[in-house]
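Quick note: numbers below take in every heavy atom, side chains included, and nothing from hydrogens, waters or symmetry partners. Residue numbers count from 1 along this sequence.
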Amino acid sequence: ISSPSNSTTGFFTVILLIYMKYILLIEFRSFIYILIKIYQLIELAMFEKIFPKIHNEGYKFIVIFVFATIVLYFIHGFLGFVGLVLSIWCYYFFRDPERISIGDEDYLTSPADGVVLQVFETNGPKELGFEDRKFTKVSIFMNVFDCHVNRIPCSGKITEILYKPGKFINASLDKASEDNERNYYKLNNTFGEDIIVVQIAGLVARRIVTETSVDQDLKQGDRIGMIRFGSRADLYFENYKPLVKVDQKMIAGETLIAKR
């Protein structure tokens with residue numbers, strides 16, 4: 001016959017085992033829940049990577065490319081395949097991903113995706129009356145595989161937008177800054193200084209899209225517009241030290257391009 005103390009010990013042991021099993025079950029469920037959430041986040045990130053958000057300018061072009069693909073398919077299967085490849089390219093050309101800027105006015109972020117063509121000191125754009133002022137100029141070339149949505153390099157107010165008709169020579173050439181179709185944005189930053197962003201149409205591009213207006217207040221990294229099918233962006237600034245070099249890859253709204 002077991003003693004009362006042994007019975008009590010056995011009872012509490014059973015209770016403890018049940019409690020531990022219950023705790024382990026809760027922890028296991030929590031672990032499974034966390035794994036599911038991680039999987040969902042990864043799945044969402046992969047989905048957004050494969051199927052990114054599209055700029056409003058892109059929808060009509062995608063419809064045109066898809067319709068052309070269907071027509072080409074009925075002509076010949078290979079032509080349909082070519083059309084499909086071009087349709088996929090068109091979709092990705094007009095992608096408009098979210099970007100996270102540093103949010104620090106001591107830095108300028110890149111206005112465009114692409115590769116740095118040149119970094120040097122020069123006179124400001126004569127079209128804005130800055131031909132007698134010295135600026136640091138950074139030029140970024142966007143090929144047809146880069147995202148073509150352009151962003152403001154710092155917070156401030158748009159004080160002037162000037163469209164200049166022009167040619168459509170290769171945007172990687174120096175004379176493209178003066179000869180090609182282009183759009184000037186003059187921004188007054190939080191320090192009261194003039195920052196200038198220039199959208200320049202390229203060899204294939206035929207339209208510059210503006211999404212901002214004069215007197216509009218913008219935050220660093222906000223969208224200002226896009227250029228369709230290959231182009232270039234020039235950035236003019238004073239009182240900042242360049243942080244980039246020629247041939248460096250840029251990401252609009254994120255890559256730090258200069259520091260005070």
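Side chains of Ile195 and Tyr236 form no contact here, defined as non-hydrogen atoms less than 4.5 Å apart. Side-chain contact check for Glu127 versus Arg182: some heavy-atom pair is nearer than 4.5 Å. Using a 4.5 Å heavy-atom cutoff, the side chains of Leu187 and Thr159 are not in contact. Here the side chains of Leu108 and Leu256 are not in contact, with every heavy-atom distance at 4.5 Å or above. Between Cys154 and Thr190 the shortest side-chain heavy-atom distance does not fall below 4.5 Å. Using a 4.5 Å heavy-atom cutoff, the side chains of Tyr163 and Thr210 are not in contact. Taking 4.5 Å as the limit, every side-chain heavy atom of Phe81 sits out of range of all side-chain heavy atoms of Leu79. Between Asp234 and Ser139, the closest side-chain pair of non-hydrogen atoms falls below 4.5 Å.
The distance from atom CD1 of Ile158 to atom OG of Ser213, rounded to the nearest 0.5 Å, is 8.5 Å. How far CD of Gln216 is from CD1 of Ile224: 10.5 Å, rounded to the nearest 0.5 Å. Distance CG/Leu218 to CG/Asn189: 12.5 Å, rounded to 0.5 Å. For the atom pair CG of Leu235 and OG of Ser110, the computed distance is 8.0 Å after rounding to the nearest 0.5 Å. Here CD1 of Ile227 is found 8.5 Å from CD of Glu181. Values are rounded to the nearest 0.5 Å. One finds the CG atom of Leu117 at 12.5 Å from the CD atom of Gln248 (value rounded to the nearest 0.5 Å).
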*Can you check side chain to side chain contact (heavy atoms under 4.5 Å, CB included) on Phe120 and Thr136, steps first, answer last?*
CA-CA 6 Å; Phe120 66 104; Thr136 299; over 6 Å; no

*asked:* side chain to side chain contact (heavy atoms under 4.5 Å, CB included), that's the test. Do His148 and Phe93 meet it? Break it down for me.
replied: CA-CA 7 Å; His148 276 57; Phe93 177 85; 3.4 Å; yes

*Could you check Lys249 against Asp113 for salt bridge (charged side-chain N to carboxylate O under 4.0 Å, His left out), going step by step and ending with a plain yes or no?*
CA-CA 8 Å; Lys249 182 69 176 177; Asp113 285 24; over 6 Å; no

*Take Asn123 and Lys134, measure what side-chain hydrogen bond (donor to acceptor under 3.5 Å, both in side chains) needs, and give me the verdict at the end.*
CA-CA 5 Å; Asn123 294 332; Lys134 289 293 183 182; 3.1 Å; yes

*Check the pair Glu105, Arg260 against salt bridge (charged side-chain N to carboxylate O under 4.0 Å, His left out), reporting the backbone distance first and the verdict last.*
CA-CA 9 Å; Glu105 295 309 309; Arg260 292 189 73 82; over 6 Å; no

*Go through the steps for Tyr184 and Glu160 under the test side-chain hydrogen bond (donor to acceptor under 3.5 Å, both in side chains), then give the verdict.*
CA-CA 8 Å; Tyr184 295 88; Glu160 185 175 353; over 6 Å; no

*asked:* Show, in sequence, the C-alpha distance, side-chain angles and deciding distance for Lys186 and Ile161, and conclude whether the side chain to side chain contact (heavy atoms under 4.5 Å, CB included) test is met.
replied: CA-CA 6 Å; Lys186 184 168 76 170; Ile161 299 176; over 6 Å; no

_Does Leu243 form a side chain to side chain contact (heavy atoms under 4.5 Å, CB included) with Ile257? I'd like the steps, not just the answer._
CA-CA 5 Å; Leu243 299 175; Ile257 210 167; over 6 Å; no

*Check the pair Glu98 / Lys53 against salt bridge (charged side-chain N to carboxylate O under 4.0 Å, His left out), numbers first and verdict last.*
CA-CA 8 Å; Glu98 296 297 329; Lys53 173 186 171 185; 3.5 Å; yes

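Here the shortest heavy-atom pairing between Pro111 and Ile140 reads CD-CD1, 3.8 Å. Tyr107 and Ile102 make their closest contact through CD1-CD1, 4.0 Å (heavy atoms, listed as atom of the first residue, atom of the second, distance). His55 and Val149 get closest at one heavy-atom pair: CD2-CG2, 3.9 Å. Of all the heavy atoms in Ile152 and Lys219, the pair that sits closest is CG2-O, 3.1 Å. Between Pro153 and Val197, the shortest heavy-atom contact is CD-CG2, 3.6 Å. The minimum heavy-atom distance linking Asp96 with Ile54 is given by the pair CB-C, 4.2 Å.
Put simply, the side chain of Gln220 gets close to the backbone of Asp104: a donor and an acceptor are under 3.5 Å apart. Although no hydrogens or angles enter the test, the distance criterion places no donor-acceptor pair under 3.5 Å between the side chain of Glu238 and the main chain of Glu193. Judged by distance alone, with hydrogens and angles left aside, the side-chain atoms of Arg151 form no donor-acceptor pair with the main-chain N or O of Ala112 at under 3.5 Å. Of the possible polar contacts, none joining the Arg133 side chain to the Phe130 backbone as a donor-acceptor pair under 3.5 Å is found. The main-chain N or O of Phe74 is never found under 3.5 Å from a side-chain atom of His76 such that the two would form a donor-acceptor pair. Here the side chain of Glu254 pairs no donor or acceptor atom with the backbone of Ile251 at under 3.5 angstrom. Not one N or O on the side chain of Ser101 forms a donor-acceptor pair closer than 3.5 Å with the backbone of Gly103. Side-chain atoms of Asn188 do not come within 3.5 Å of backbone N or O of Lys157 as any donor-acceptor pair. In terms of modelled atom types and a separation under 3.5 Å, the side chain of Trp89 and the main chain of Val144 share a donor-acceptor contact.
Met142 and Val138 are assigned to two separate hydrophobic clusters, defined by single-linkage of ILVMFWY side chains at heavy-atom distances under 4.5 Å. Put simply, Ile75 and Leu84 are part of two different groups of oily side chains (I, L, V, M, F, W, Y) that touch within less than 4.5 Å, one to the next. Cluster membership check: Val71 does not share its hydrophobic cluster with Tyr73, using side-chain heavy-atom separations under 4.5 Å among Ile, Leu, Val, Met, Phe, Trp and Tyr. Cluster membership check: Val66 shares its hydrophobic cluster with Val82, using side-chain heavy-atom separations under 4.5 Å among Ile, Leu, Val, Met, Phe, Trp and Tyr. Connection of Met226 to Met250 is not established within any shared hydrophobic cluster, with ILVMFWY side chains joined at heavy-atom distances below 4.5 Å, either directly or through further cluster members.
Around the CZ atom of Phe67, the shell of radius 6.0 Å holds no more than 12 heavy atoms that belong to other residues, nucleotides or ligands. Other residues, nucleotides and ligands place no more than 12 heavy atoms under 6.0 Å from the CZ atom of Phe145.
For the pairing with Lys137, the side-chain contact (heavy atoms from CB on, under 4.5 Å) check across Val119, Thr122, Val198, Ile196 returns one residue only, Thr122.
Note on residues 56-69: pairs passing side chain to side chain donor-acceptor pair (under 3.5 Å), not counting sequence neighbours, are Glu57-Arg228, Thr69-Ser87.
The aromatic rings of Phe94 and Phe61 lie parallel to each other, their planes meeting at an angle below 30°, with 60° marking the opposite boundary.
Arg232 forms no cation-pi arrangement with Phe141, by the criterion of a distance under 6.0 Å to the ring centre and an angle within 45° of the ring axis.
When ring centroids are compared, Phe237 and Phe135 stay outside the 6.0 Å threshold.
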